[in-house]
Amino acid sequence: MSIQTVSTTPFDDQKPGTSGLRKKVPVFQQPHYLENFVQSIFNSVPELEGNTLVVGGDGRYYNDDAIQTILRMAAANGIARVLVGQHGYLSTPAASAVIRKHGAAGGIILSASHNPGGPKGDFGIKFNAANGGPAVESLTEAIFEASKRLEHYLSVSCEDIPLGEAGTYQIEAMQVEVIDPVEDYANLMAELFDFDAIRGMFKAGFRLRFDAMHAITGPYARRILEQELGAAAGTVINAEPKPDFGGGHPDPNLAHAREMVDEMYSDDAPDMGAASDGDGDRNMVLGRHFFVTPSDSLAVLAANATLVPGYAAGLSGVARSMPTSCAVDQVARSLGIDCYETPTGWKFFGNLMDADRITLCGEESFGTGSAHIREKDGLWAVLFWLNILAVKGDSIKDIVHHHWSVYGRNYYTRHDYEDIDSEAASTLMSMLGSILPNQVDREIAGYKVKAADQFSYTDPVDGSVSANQGIRLLFENGARIVYRLSGTGTQGATLRIYIEAYEADVTRQDQDTQQALADYIEIAREVADVAGYTGMDEPTVIT
Ligand code: VG1
Ligand code: CO
(Lines give C-alpha, C1' and ligand atoms only; values in the text may rest on other atoms or scores of the structure.)
(Ligands and ions follow the chains in the order given, each with its own letter.)
Protein backbone atom coordinates (compact mmCIF):
# COMPACT_ATOMS: atom_id res chain seq x y z
CA MET A 1 0.00 0.00 0.00
CA SER A 2 1.32 3.47 -0.85
CA ILE A 3 1.00 5.32 2.42
CA GLN A 4 2.25 8.86 2.35
CA THR A 5 3.77 10.38 5.43
CA VAL A 6 3.16 14.11 5.22
CA SER A 7 5.24 16.46 7.37
CA THR A 8 3.30 19.08 9.26
CA THR A 9 3.62 21.54 12.13
CA PRO A 10 1.14 21.74 15.01
CA PHE A 11 -1.59 24.34 15.35
CA ASP A 12 -2.03 25.59 18.88
CA ASP A 13 -5.80 26.11 18.78
CA GLN A 14 -7.20 22.62 18.27
CA LYS A 15 -8.78 22.32 21.68
CA PRO A 16 -12.31 20.88 21.41
CA GLY A 17 -15.05 22.91 23.12
CA THR A 18 -18.47 21.92 24.48
CA SER A 19 -19.05 19.77 21.40
CA GLY A 20 -15.98 19.18 19.24
CA LEU A 21 -13.65 21.53 17.41
CA ARG A 22 -15.50 24.42 15.80
CA LYS A 23 -13.90 27.06 13.62
CA LYS A 24 -14.71 29.21 10.63
CA VAL A 25 -14.55 27.33 7.31
CA PRO A 26 -11.45 29.26 6.12
CA VAL A 27 -9.61 28.12 9.26
CA PHE A 28 -10.36 24.49 8.41
CA GLN A 29 -9.32 25.13 4.80
CA GLN A 30 -5.80 26.10 5.77
CA PRO A 31 -3.29 23.51 4.57
CA HIS A 32 -2.99 20.61 7.06
CA TYR A 33 -5.52 22.06 9.55
CA LEU A 34 -8.19 19.38 9.18
CA GLU A 35 -5.58 16.66 8.61
CA ASN A 36 -3.73 17.53 11.80
CA PHE A 37 -6.86 17.20 13.89
CA VAL A 38 -7.93 13.96 12.23
CA GLN A 39 -4.47 12.45 12.73
CA SER A 40 -4.61 13.53 16.38
CA ILE A 41 -7.81 11.53 16.70
CA PHE A 42 -6.24 8.44 15.12
CA ASN A 43 -3.17 8.80 17.35
CA SER A 44 -5.34 9.07 20.47
CA VAL A 45 -7.72 6.20 19.69
CA PRO A 46 -5.54 3.19 18.76
CA GLU A 47 -8.53 0.83 18.90
CA LEU A 48 -9.74 2.29 15.58
CA GLU A 49 -7.03 0.36 13.75
CA GLY A 50 -8.42 -2.82 12.19
CA ASN A 51 -11.91 -1.77 13.18
CA THR A 52 -15.00 0.01 11.85
CA LEU A 53 -15.33 3.80 11.78
CA VAL A 54 -18.52 5.76 11.04
CA VAL A 55 -18.23 9.05 9.14
CA GLY A 56 -20.90 11.59 8.25
CA GLY A 57 -21.99 15.14 8.71
CA ASP A 58 -24.80 17.64 8.56
CA GLY A 59 -24.21 18.50 4.90
CA ARG A 60 -22.84 21.95 5.54
CA TYR A 61 -20.29 23.60 3.29
CA TYR A 62 -16.97 21.66 3.29
CA ASN A 63 -18.67 18.42 4.41
CA ASP A 64 -17.82 16.54 1.18
CA ASP A 65 -14.21 17.70 0.98
CA ALA A 66 -13.59 16.86 4.61
CA ILE A 67 -15.06 13.37 4.21
CA GLN A 68 -12.81 12.56 1.23
CA THR A 69 -9.79 13.68 3.26
CA ILE A 70 -10.87 11.62 6.27
CA LEU A 71 -11.42 8.51 4.10
CA ARG A 72 -7.89 8.73 2.66
CA MET A 73 -6.40 9.21 6.09
CA ALA A 74 -8.48 6.40 7.56
CA ALA A 75 -7.14 4.00 4.91
CA ALA A 76 -3.58 5.07 5.67
CA ASN A 77 -4.15 4.64 9.40
CA GLY A 78 -5.25 1.03 9.07
CA ILE A 79 -8.98 1.37 9.58
CA ALA A 80 -10.62 -1.81 8.25
CA ARG A 81 -14.02 -0.47 7.28
CA VAL A 82 -15.77 2.90 7.11
CA LEU A 83 -19.53 3.37 7.05
CA VAL A 84 -20.37 6.72 5.52
CA GLY A 85 -23.81 8.18 4.97
CA GLN A 86 -24.92 8.66 1.36
CA HIS A 87 -24.15 12.24 0.19
CA GLY A 88 -21.98 12.44 3.29
CA TYR A 89 -25.10 12.85 5.40
CA LEU A 90 -25.59 11.57 8.92
CA SER A 91 -27.47 13.52 11.52
CA THR A 92 -25.69 13.49 14.88
CA PRO A 93 -28.27 11.12 16.45
CA ALA A 94 -28.21 8.86 13.38
CA ALA A 95 -24.41 8.67 13.56
CA SER A 96 -24.71 7.61 17.17
CA ALA A 97 -27.29 4.97 16.23
CA VAL A 98 -25.12 3.63 13.38
CA ILE A 99 -22.02 3.39 15.60
CA ARG A 100 -23.97 1.35 18.16
CA LYS A 101 -25.83 -0.86 15.72
CA HIS A 102 -22.75 -1.84 13.70
CA GLY A 103 -20.39 -2.18 16.66
CA ALA A 104 -18.05 0.48 15.28
CA ALA A 105 -15.03 1.53 17.31
CA GLY A 106 -16.06 5.16 16.89
CA GLY A 107 -17.28 7.84 14.56
CA ILE A 108 -16.25 11.19 13.18
CA ILE A 109 -19.12 13.65 12.91
CA LEU A 110 -18.75 16.78 10.83
CA SER A 111 -20.96 19.53 12.12
CA ALA A 112 -21.05 22.88 13.81
CA SER A 113 -24.62 22.12 14.86
CA HIS A 114 -26.72 25.28 15.16
CA ASN A 115 -23.95 27.61 13.95
CA PRO A 116 -24.50 29.10 10.46
CA GLY A 117 -22.74 27.46 7.51
CA GLY A 118 -21.41 28.45 4.08
CA PRO A 119 -17.95 29.43 2.80
CA LYS A 120 -17.58 32.02 5.55
CA GLY A 121 -19.68 30.18 8.10
CA ASP A 122 -18.70 27.61 10.69
CA PHE A 123 -17.46 24.06 10.36
CA GLY A 124 -16.82 21.50 13.05
CA ILE A 125 -15.55 18.03 13.73
CA LYS A 126 -15.95 15.74 16.70
CA PHE A 127 -15.15 12.21 17.65
CA ASN A 128 -17.69 9.83 19.16
CA ALA A 129 -16.60 6.69 20.95
CA ALA A 130 -17.76 3.08 20.61
CA ASN A 131 -20.76 3.73 22.89
CA GLY A 132 -21.97 6.23 20.25
CA GLY A 133 -21.43 9.23 22.50
CA PRO A 134 -19.20 12.28 22.34
CA ALA A 135 -15.65 11.69 23.53
CA VAL A 136 -15.35 12.25 27.26
CA GLU A 137 -13.16 15.08 28.54
CA SER A 138 -10.09 12.92 29.16
CA LEU A 139 -10.16 11.87 25.49
CA THR A 140 -10.73 15.36 24.06
CA GLU A 141 -7.80 16.47 26.25
CA ALA A 142 -5.65 13.65 24.85
CA ILE A 143 -6.57 14.64 21.28
CA PHE A 144 -5.66 18.25 22.02
CA GLU A 145 -2.33 17.19 23.54
CA ALA A 146 -1.62 14.97 20.51
CA SER A 147 -2.36 17.91 18.19
CA LYS A 148 0.28 20.00 19.92
CA ARG A 149 2.97 17.38 19.29
CA LEU A 150 2.04 16.38 15.77
CA GLU A 151 4.88 16.16 13.23
CA HIS A 152 3.26 14.24 10.43
CA TYR A 153 0.05 12.65 9.27
CA LEU A 154 -0.73 9.66 7.09
CA SER A 155 -2.71 9.59 3.86
CA VAL A 156 -3.00 7.75 0.58
CA SER A 157 -3.78 9.06 -2.88
CA CYS A 158 -6.89 7.79 -4.60
CA GLU A 159 -9.88 8.97 -6.56
CA ASP A 160 -12.77 10.50 -4.61
CA ILE A 161 -15.35 7.99 -3.39
CA PRO A 162 -18.72 8.64 -5.12
CA LEU A 163 -20.64 9.58 -1.98
CA GLY A 164 -23.83 10.12 -3.97
CA GLU A 165 -24.18 6.42 -4.71
CA ALA A 166 -24.83 3.78 -2.07
CA GLY A 167 -22.49 0.85 -2.50
CA THR A 168 -19.27 -0.74 -1.38
CA TYR A 169 -15.92 0.68 -2.43
CA GLN A 170 -12.30 0.03 -1.61
CA ILE A 171 -9.42 2.32 -0.72
CA GLU A 172 -6.31 0.17 -0.54
CA ALA A 173 -7.14 -2.46 2.12
CA MET A 174 -10.02 -0.45 3.59
CA GLN A 175 -13.64 -1.07 2.69
CA VAL A 176 -15.93 1.94 2.34
CA GLU A 177 -19.67 1.35 2.57
CA VAL A 178 -21.85 4.25 1.48
CA ILE A 179 -25.06 3.56 3.42
CA ASP A 180 -28.58 4.95 3.51
CA PRO A 181 -28.27 7.55 6.29
CA VAL A 182 -31.90 7.20 7.41
CA GLU A 183 -32.51 3.43 7.49
CA ASP A 184 -30.96 2.36 10.81
CA TYR A 185 -32.29 5.42 12.58
CA ALA A 186 -35.83 5.00 11.24
CA ASN A 187 -35.85 1.34 12.33
CA LEU A 188 -34.76 2.31 15.83
CA MET A 189 -37.58 4.87 16.09
CA ALA A 190 -40.10 2.25 15.01
CA GLU A 191 -38.92 0.02 17.88
CA LEU A 192 -39.38 2.75 20.49
CA PHE A 193 -42.67 4.34 19.54
CA ASP A 194 -46.20 3.20 18.79
CA PHE A 195 -46.20 4.05 15.10
CA ASP A 196 -49.72 2.65 14.65
CA ALA A 197 -51.14 5.00 17.27
CA ILE A 198 -49.37 7.99 15.72
CA ARG A 199 -50.54 6.92 12.25
CA GLY A 200 -54.09 6.77 13.55
CA MET A 201 -53.82 10.27 14.94
CA PHE A 202 -52.62 11.70 11.62
CA LYS A 203 -55.38 9.83 9.84
CA ALA A 204 -57.93 11.44 12.13
CA GLY A 205 -56.70 14.87 10.98
CA PHE A 206 -53.93 15.81 13.41
CA ARG A 207 -51.79 18.56 11.86
CA LEU A 208 -48.06 18.93 12.40
CA ARG A 209 -45.64 21.46 10.97
CA PHE A 210 -41.98 20.44 11.14
CA ASP A 211 -39.30 22.97 10.17
CA ALA A 212 -36.08 21.21 9.15
CA MET A 213 -34.44 24.61 8.61
CA HIS A 214 -32.68 23.49 5.37
CA ALA A 215 -30.56 21.22 7.51
CA ILE A 216 -29.93 17.51 7.96
CA THR A 217 -33.24 16.47 9.54
CA GLY A 218 -35.18 17.05 6.32
CA PRO A 219 -34.63 13.59 4.82
CA TYR A 220 -35.23 11.89 8.20
CA ALA A 221 -38.41 13.83 8.96
CA ARG A 222 -39.83 13.31 5.48
CA ARG A 223 -39.24 9.58 5.56
CA ILE A 224 -40.52 8.98 9.08
CA LEU A 225 -43.27 11.57 9.48
CA GLU A 226 -44.66 11.80 5.97
CA GLN A 227 -43.89 8.42 4.42
CA GLU A 228 -44.10 6.06 7.37
CA LEU A 229 -46.52 7.82 9.69
CA GLY A 230 -48.78 9.35 7.08
CA ALA A 231 -48.50 13.01 8.03
CA ALA A 232 -49.78 15.18 5.17
CA ALA A 233 -47.34 15.86 2.33
CA GLY A 234 -45.71 19.22 3.03
CA THR A 235 -45.76 18.70 6.80
CA VAL A 236 -41.98 19.04 6.70
CA ILE A 237 -40.87 22.45 5.44
CA ASN A 238 -37.38 23.57 4.43
CA ALA A 239 -36.68 19.87 3.98
CA GLU A 240 -33.77 20.03 1.51
CA PRO A 241 -30.40 20.15 3.29
CA LYS A 242 -28.36 23.04 1.90
CA PRO A 243 -24.65 23.73 2.43
CA ASP A 244 -25.47 27.18 3.83
CA PHE A 245 -28.84 26.27 5.38
CA GLY A 246 -30.48 28.66 2.91
CA GLY A 247 -28.57 31.52 4.49
CA GLY A 248 -30.35 30.94 7.80
CA HIS A 249 -29.26 30.15 11.30
CA PRO A 250 -30.23 26.50 11.89
CA ASP A 251 -31.04 27.01 15.55
CA PRO A 252 -34.53 25.89 16.55
CA ASN A 253 -35.71 28.64 18.85
CA LEU A 254 -38.38 31.31 18.71
CA ALA A 255 -36.00 33.78 17.09
CA HIS A 256 -34.66 31.61 14.26
CA ALA A 257 -37.48 29.18 13.34
CA ARG A 258 -39.61 32.18 12.42
CA GLU A 259 -41.66 30.70 9.58
CA MET A 260 -43.00 27.81 11.66
CA VAL A 261 -43.41 29.89 14.82
CA ASP A 262 -45.50 32.50 12.98
CA GLU A 263 -47.73 29.74 11.69
CA MET A 264 -48.15 28.28 15.18
CA TYR A 265 -49.43 31.64 16.42
CA SER A 266 -51.74 32.23 13.44
CA ASP A 267 -55.53 31.72 13.45
CA ASP A 268 -55.23 28.50 11.48
CA ALA A 269 -52.36 27.05 13.49
CA PRO A 270 -51.63 23.30 13.26
CA ASP A 271 -51.89 21.14 16.42
CA MET A 272 -48.15 20.90 16.85
CA GLY A 273 -45.08 22.70 15.57
CA ALA A 274 -41.52 21.42 15.76
CA ALA A 275 -38.07 22.26 14.47
CA SER A 276 -34.59 20.84 14.68
CA ASP A 277 -31.08 22.23 14.29
CA GLY A 278 -28.22 21.95 11.79
CA ASP A 279 -27.18 18.44 12.82
CA GLY A 280 -30.58 17.19 13.99
CA ASP A 281 -29.90 16.73 17.69
CA ARG A 282 -31.96 19.66 19.00
CA ASN A 283 -35.71 20.08 19.02
CA MET A 284 -38.23 22.78 19.66
CA VAL A 285 -41.86 21.87 20.34
CA LEU A 286 -44.87 24.16 20.19
CA GLY A 287 -48.56 23.63 20.61
CA ARG A 288 -51.18 25.85 19.06
CA HIS A 289 -50.29 29.36 20.30
CA PHE A 290 -48.08 27.77 22.91
CA PHE A 291 -44.33 27.34 23.34
CA VAL A 292 -42.93 24.47 25.41
CA THR A 293 -39.63 25.37 27.05
CA PRO A 294 -37.04 22.63 26.56
CA SER A 295 -36.73 22.20 30.34
CA ASP A 296 -40.49 21.67 30.63
CA SER A 297 -40.44 19.34 27.64
CA LEU A 298 -37.94 17.06 29.39
CA ALA A 299 -40.10 17.05 32.53
CA VAL A 300 -43.29 16.25 30.60
CA LEU A 301 -41.61 13.40 28.71
CA ALA A 302 -40.29 11.99 31.98
CA ALA A 303 -43.70 12.21 33.67
CA ASN A 304 -45.45 10.48 30.75
CA ALA A 305 -42.71 8.08 29.65
CA THR A 306 -44.53 4.89 30.55
CA LEU A 307 -47.20 5.71 27.93
CA VAL A 308 -44.57 5.05 25.26
CA PRO A 309 -43.71 1.41 24.42
CA GLY A 310 -39.92 1.89 24.52
CA TYR A 311 -40.18 3.30 28.05
CA ALA A 312 -43.11 1.31 29.40
CA ALA A 313 -40.89 -0.36 31.99
CA GLY A 314 -40.17 3.01 33.60
CA LEU A 315 -37.06 5.15 33.94
CA SER A 316 -33.91 4.12 35.81
CA GLY A 317 -33.16 7.77 36.51
CA VAL A 318 -32.95 11.16 34.79
CA ALA A 319 -30.33 13.85 34.34
CA ARG A 320 -30.16 17.46 33.27
CA SER A 321 -27.32 19.88 32.71
CA MET A 322 -26.79 22.26 35.60
CA PRO A 323 -28.22 25.38 33.88
CA THR A 324 -31.35 23.47 32.80
CA SER A 325 -34.41 24.25 34.93
CA CYS A 326 -35.25 22.01 37.87
CA ALA A 327 -38.61 21.01 36.39
CA VAL A 328 -37.48 17.42 35.82
CA ASP A 329 -36.23 17.22 39.42
CA GLN A 330 -39.82 17.53 40.61
CA VAL A 331 -40.86 14.59 38.43
CA ALA A 332 -37.93 12.48 39.59
CA ARG A 333 -38.83 13.16 43.21
CA SER A 334 -42.38 12.06 42.65
CA LEU A 335 -41.29 8.92 40.74
CA GLY A 336 -38.73 8.13 43.42
CA ILE A 337 -35.85 7.95 40.95
CA ASP A 338 -32.43 9.67 40.91
CA CYS A 339 -31.89 12.98 39.16
CA TYR A 340 -28.30 13.88 38.23
CA GLU A 341 -27.02 17.40 37.60
CA THR A 342 -24.18 17.48 35.07
CA PRO A 343 -22.10 20.17 33.38
CA THR A 344 -23.24 21.55 30.02
CA GLY A 345 -22.67 19.23 27.03
CA TRP A 346 -23.86 15.75 26.12
CA LYS A 347 -20.52 14.10 26.85
CA PHE A 348 -21.39 14.10 30.56
CA PHE A 349 -24.50 11.93 30.16
CA GLY A 350 -22.75 8.98 28.48
CA ASN A 351 -21.27 7.37 31.59
CA LEU A 352 -24.60 7.62 33.42
CA MET A 353 -26.40 5.89 30.55
CA ASP A 354 -23.72 3.22 30.10
CA ALA A 355 -24.07 2.42 33.81
CA ASP A 356 -27.87 2.37 33.46
CA ARG A 357 -28.26 5.10 36.05
CA ILE A 358 -30.42 7.22 33.75
CA THR A 359 -32.85 6.65 30.89
CA LEU A 360 -33.82 10.24 29.96
CA CYS A 361 -31.80 13.42 30.02
CA GLY A 362 -31.83 16.91 28.61
CA GLU A 363 -30.53 20.43 28.39
CA GLU A 364 -32.20 23.81 28.36
CA SER A 365 -30.65 24.46 24.95
CA PHE A 366 -33.36 22.50 23.11
CA GLY A 367 -31.71 19.13 23.64
CA THR A 368 -33.50 16.02 24.87
CA GLY A 369 -32.47 12.40 24.61
CA SER A 370 -32.47 8.93 26.07
CA ALA A 371 -30.36 5.83 26.38
CA HIS A 372 -31.52 4.62 22.93
CA ILE A 373 -28.36 6.35 21.66
CA ARG A 374 -25.69 8.55 23.27
CA GLU A 375 -26.56 11.90 21.70
CA LYS A 376 -29.47 14.23 22.08
CA ASP A 377 -32.07 13.54 19.45
CA GLY A 378 -34.36 16.10 17.84
CA LEU A 379 -36.73 13.92 15.83
CA TRP A 380 -36.92 11.36 18.64
CA ALA A 381 -38.26 14.07 20.98
CA VAL A 382 -40.89 15.02 18.41
CA LEU A 383 -41.95 11.38 18.06
CA PHE A 384 -42.07 11.06 21.84
CA TRP A 385 -44.47 14.01 21.99
CA LEU A 386 -46.55 12.60 19.13
CA ASN A 387 -46.81 9.27 20.93
CA ILE A 388 -47.95 10.95 24.16
CA LEU A 389 -50.47 13.05 22.23
CA ALA A 390 -51.80 9.98 20.45
CA VAL A 391 -52.38 8.21 23.77
CA LYS A 392 -53.75 11.13 25.76
CA GLY A 393 -55.73 12.94 23.07
CA ASP A 394 -55.22 16.30 24.84
CA SER A 395 -53.64 19.39 23.35
CA ILE A 396 -49.99 20.23 24.06
CA LYS A 397 -51.05 23.31 25.98
CA ASP A 398 -53.42 21.30 28.19
CA ILE A 399 -50.79 18.66 28.87
CA VAL A 400 -48.24 21.27 29.99
CA HIS A 401 -50.80 23.21 32.08
CA HIS A 402 -51.83 19.99 33.77
CA HIS A 403 -48.15 19.20 34.38
CA TRP A 404 -47.63 22.57 36.10
CA SER A 405 -50.68 22.06 38.27
CA VAL A 406 -49.21 18.80 39.55
CA TYR A 407 -45.50 19.65 39.79
CA GLY A 408 -45.45 23.45 39.87
CA ARG A 409 -44.06 25.68 37.14
CA ASN A 410 -40.38 26.53 36.76
CA TYR A 411 -40.34 29.89 34.99
CA TYR A 412 -37.17 29.85 32.96
CA THR A 413 -35.26 32.01 30.52
CA ARG A 414 -31.78 32.27 29.05
CA HIS A 415 -30.25 35.61 28.07
CA ASP A 416 -27.29 35.49 25.68
CA TYR A 417 -24.84 38.34 25.13
CA GLU A 418 -23.12 37.32 21.91
CA ASP A 419 -19.85 38.36 20.31
CA ILE A 420 -18.54 40.29 23.27
CA ASP A 421 -14.88 40.98 23.84
CA SER A 422 -13.23 37.74 25.06
CA GLU A 423 -11.11 39.49 27.65
CA ALA A 424 -14.06 41.45 29.05
CA ALA A 425 -16.00 38.19 29.30
CA SER A 426 -13.31 36.39 31.25
CA THR A 427 -12.78 39.40 33.53
CA LEU A 428 -16.50 39.41 34.26
CA MET A 429 -16.39 35.71 35.16
CA SER A 430 -13.35 36.06 37.43
CA MET A 431 -14.85 39.11 39.10
CA LEU A 432 -18.02 37.10 39.74
CA GLY A 433 -15.97 34.19 41.07
CA SER A 434 -14.18 36.48 43.51
CA ILE A 435 -17.34 38.05 44.96
CA LEU A 436 -19.19 34.75 45.41
CA PRO A 437 -18.41 34.28 49.12
CA ASN A 438 -19.87 37.74 49.87
CA GLN A 439 -23.18 36.83 48.30
CA VAL A 440 -24.14 34.06 50.68
CA ASP A 441 -26.88 35.07 53.16
CA ARG A 442 -27.09 38.45 51.46
CA GLU A 443 -30.52 39.79 50.66
CA ILE A 444 -30.75 41.24 47.15
CA ALA A 445 -33.91 43.17 46.28
CA GLY A 446 -35.76 41.22 48.94
CA TYR A 447 -34.50 37.76 47.91
CA LYS A 448 -32.15 35.89 50.19
CA VAL A 449 -29.13 34.13 48.66
CA LYS A 450 -28.74 30.64 50.10
CA ALA A 451 -25.59 29.59 48.27
CA ALA A 452 -23.19 30.91 45.66
CA ASP A 453 -20.57 28.76 43.99
CA GLN A 454 -18.58 27.66 40.97
CA PHE A 455 -20.24 24.44 39.78
CA SER A 456 -17.92 21.46 39.92
CA TYR A 457 -18.98 17.95 38.86
CA THR A 458 -17.63 14.63 40.00
CA ASP A 459 -18.72 11.87 37.64
CA PRO A 460 -20.25 9.21 39.90
CA VAL A 461 -19.22 6.44 37.51
CA ASP A 462 -15.54 7.12 36.84
CA GLY A 463 -14.79 9.71 39.53
CA SER A 464 -13.45 12.30 37.06
CA VAL A 465 -13.83 15.91 38.14
CA SER A 466 -14.85 18.80 35.89
CA ALA A 467 -14.42 22.12 37.67
CA ASN A 468 -15.44 25.68 36.76
CA GLN A 469 -18.62 24.70 34.95
CA GLY A 470 -20.54 27.90 35.66
CA ILE A 471 -21.30 30.27 38.49
CA ARG A 472 -24.50 29.81 40.46
CA LEU A 473 -26.48 32.09 42.72
CA LEU A 474 -29.06 30.00 44.53
CA PHE A 475 -31.86 31.73 46.41
CA GLU A 476 -33.69 30.49 49.44
CA ASN A 477 -37.01 30.30 47.56
CA GLY A 478 -35.54 27.95 44.94
CA ALA A 479 -34.83 30.63 42.31
CA ARG A 480 -31.47 30.40 40.54
CA ILE A 481 -29.22 32.58 38.43
CA VAL A 482 -26.41 30.88 36.50
CA TYR A 483 -23.60 32.48 34.50
CA ARG A 484 -21.32 30.72 32.06
CA LEU A 485 -19.40 31.36 28.86
CA SER A 486 -20.32 29.45 25.72
CA GLY A 487 -17.91 26.79 24.48
CA THR A 488 -19.27 26.45 20.95
CA GLY A 489 -18.80 29.89 19.41
CA THR A 490 -16.15 30.82 16.87
CA GLN A 491 -16.07 34.57 17.30
CA GLY A 492 -15.50 36.60 20.47
CA ALA A 493 -17.23 35.31 23.59
CA THR A 494 -20.85 34.64 24.44
CA LEU A 495 -22.07 35.18 27.99
CA ARG A 496 -25.07 33.06 28.89
CA ILE A 497 -27.21 33.98 31.88
CA TYR A 498 -29.81 31.42 32.93
CA ILE A 499 -32.63 32.55 35.20
CA GLU A 500 -35.23 30.43 36.93
CA ALA A 501 -37.91 30.73 39.60
CA TYR A 502 -40.38 28.18 40.91
CA GLU A 503 -44.12 28.79 41.21
CA ALA A 504 -46.33 26.19 42.87
CA ASP A 505 -49.48 28.35 42.98
CA VAL A 506 -51.68 27.47 40.00
CA THR A 507 -53.29 30.93 39.95
CA ARG A 508 -49.84 32.46 39.32
CA GLN A 509 -48.67 30.07 36.61
CA ASP A 510 -49.95 31.97 33.61
CA GLN A 511 -47.68 35.00 33.63
CA ASP A 512 -45.38 36.10 30.86
CA THR A 513 -41.97 34.51 31.54
CA GLN A 514 -39.91 37.69 31.23
CA GLN A 515 -42.32 39.49 33.57
CA ALA A 516 -42.41 36.68 36.08
CA LEU A 517 -38.61 36.71 36.18
CA ALA A 518 -38.14 40.49 35.95
CA ASP A 519 -36.72 40.89 39.48
CA TYR A 520 -34.16 38.15 38.99
CA ILE A 521 -33.21 39.43 35.54
CA GLU A 522 -32.49 42.78 37.14
CA ILE A 523 -30.45 41.14 39.92
CA ALA A 524 -28.50 39.06 37.40
CA ARG A 525 -27.51 42.14 35.44
CA GLU A 526 -26.56 44.16 38.49
CA VAL A 527 -24.55 41.56 40.37
CA ALA A 528 -22.38 40.95 37.28
CA ASP A 529 -22.40 44.56 36.04
CA VAL A 530 -23.28 43.13 32.64
CA ALA A 531 -23.70 46.52 30.97
CA GLY A 532 -20.35 47.69 32.32
CA TYR A 533 -18.40 44.68 31.08
CA THR A 534 -20.19 44.01 27.81
CA GLY A 535 -21.26 47.51 26.82
CA MET A 536 -24.70 46.04 26.09
CA ASP A 537 -27.93 47.05 27.79
CA GLU A 538 -29.94 44.14 26.43
CA PRO A 539 -29.04 40.56 25.48
CA THR A 540 -28.75 39.67 21.79
CA VAL A 541 -30.93 36.56 22.10
CA ILE A 542 -33.55 35.64 24.68
CA THR A 543 -34.83 32.07 24.77
C1 VG1 B 1 -24.32 24.87 23.59
C2 VG1 B 1 -25.44 24.53 24.56
C3 VG1 B 1 -25.20 23.17 25.17
C4 VG1 B 1 -25.07 22.12 24.05
C5 VG1 B 1 -23.99 22.55 23.08
C6 VG1 B 1 -23.90 21.63 21.89
O7 VG1 B 1 -23.09 24.91 24.27
O8 VG1 B 1 -25.54 25.51 25.56
O9 VG1 B 1 -26.26 22.87 26.04
O10 VG1 B 1 -24.75 20.88 24.58
O11 VG1 B 1 -24.26 23.86 22.59
O12 VG1 B 1 -25.13 21.54 21.23
P13 VG1 B 1 -22.41 26.29 24.76
O14 VG1 B 1 -21.09 25.88 25.33
O15 VG1 B 1 -22.33 27.20 23.57
O16 VG1 B 1 -23.35 26.86 25.78
V17 VG1 B 1 -25.17 21.24 19.59
O18 VG1 B 1 -26.70 21.08 19.15
O19 VG1 B 1 -23.99 22.13 19.13
O20 VG1 B 1 -24.41 19.74 19.34
CO1 CO C 1 -26.84 20.28 17.35
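Counting starts at 1 for both ligands and their atoms, in listed order. In what follows, every heavy atom counts, from backbone to side chain, and hydrogens, waters and symmetry copies are set aside. If you read the sequence from its start, that first residue is 1, and numbering goes on from there.
In this model, no donor atom of one side chain and acceptor atom of the other lie less than 3.5 Å apart for Ser295 and Thr324.
Arg60 has no carboxylate O lying under 4.0 Å from a charged side-chain N of Asp279, or vice versa, which leaves the two without a salt bridge. The pair Arg320-Glu363 does not count as a salt bridge, with every side-chain nitrogen at least 4.0 angstrom from each carboxylate oxygen. At a threshold of 4.0 Å, the pair Arg223-Asp180 counts as salt-bridged, since one of the basic side-chain nitrogens sits closer than that to a carboxylate oxygen. The pair Glu141-Lys15 meets the salt-bridge criterion, with a side-chain N (NZ, NE, NH1 or NH2) lying under 4.0 Å from an Asp/Glu carboxylate O. Using a cut-off of 4.0 Å between Lys/Arg side-chain N and Asp/Glu carboxylate O, Glu263 and Arg258 are scored as not salt-bridged. Salt bridge annotation for Asp537-Arg525: absent, with no cationic side-chain nitrogen under 4.0 angstrom from a carboxylate oxygen. Salt bridge present: Glu364 and Arg414 bring a charged side-chain N and a carboxylate O closer than 4.0 Å. Asp122 and Arg22 are not joined by a salt bridge, as no carboxylate oxygen comes within less than 4.0 angstrom of a charged side-chain nitrogen.
At a 4.0 Å cut-off, not a single heavy atom of Glu375 sits close enough to ligand 1 to count as contact. Look at Gly367 and you'll find every heavy atom at least 4.0 Å from all atoms of ligand 1.
When each atom of ligand 1 is checked for a heavy atom of Gly345 under 4.0 Å away, the hits are 10 (O). Each of the atoms 13 (P), 14 (O), 15 (O) of ligand 1 lies under 4.0 Å from some heavy atom of Gly487. The ligand atoms of ligand 1 that sit less than 4.0 angstrom from a heavy atom of Ser19 are 6 (C), 20 (O). Heavy-atom contacts of Glu363 reach the following atoms of ligand 1: 3 (C), 4 (C), 9 (O), 10 (O) (cutoff under 4.0 Å). Counting atoms of ligand 1 from 1 in the listed order, those under 4.0 Å from a heavy atom of Arg496 are 8 (O), 13 (P), 15 (O), 16 (O).
Geometry at the Co ion (ligand 2): OD1/Asp279 and OG/Ser113 form an angle of 100°, nearest 10 degrees. With the Co ion (ligand 2) as the vertex, OD1 (Asp281) and OD2 (Asp277) define an angle of 90°, rounded to 10°.
With a 4.0 Å heavy-atom cut-off, ligand 1 is reached by the side chain of Asp277 but not by its N, CA, C or O. Contacts of Ser486 with ligand 1, taken as heavy-atom pairs under 4.0 Å, involve both backbone and side chain. Contact annotation for Lys347 and ligand 1: no heavy atom of the residue comes within less than 4.0 Å of the ligand. Counting heavy atoms under 4.0 Å from ligand 1, residue Arg22 touches it through the side chain alone. Heavy atoms of Asp281 found under 4.0 angstrom from ligand 1 belong exclusively to the side chain.
Considering backbone and side-chain N/O of Gly489, none are found under 3.5 Å from N/O of ligand 1. Distances between N or O atoms of Ser113 and those of ligand 1 include at least one value under 3.5 Å. Ligand 1 has no nitrogen or oxygen under 3.5 angstrom from a nitrogen or oxygen of Thr344.
In terms of protein heavy-atom proximity, atom 12 (O) of ligand 1 is nearest to Lys376 NZ, 2.9 Å. Nearest to atom 2 (C) of ligand 1 among the protein's heavy atoms is Ser365 OG, 3.5 Å. Counting protein heavy atoms only, atom 7 (O) of ligand 1 is closest to Thr488 CG2, 3.5 Å. In terms of protein heavy-atom proximity, atom 1 (C) of ligand 1 is nearest to Arg282 NH2, 3.6 Å.
Closest heavy-atom approach to atom 16 (O) of ligand 1 among the candidates Arg414, His114, Arg484, Lys126: Arg484.
Ring geometry, His87 versus Tyr89: the interplanar angle falls from 30° to 60°, so the pair is classed tilted. The aromatic rings of Phe28 and Phe123 sit perpendicular, their planes meeting at an angle over 60°, well past the 30° parallel limit.
Aromatic ring centres of Tyr220 and Tyr185 lie closer together than 6.0 Å.
One distance of note links NZ of Lys347 with NZ of Lys126; it measures 9.0 Å at 0.5 Å rounding.
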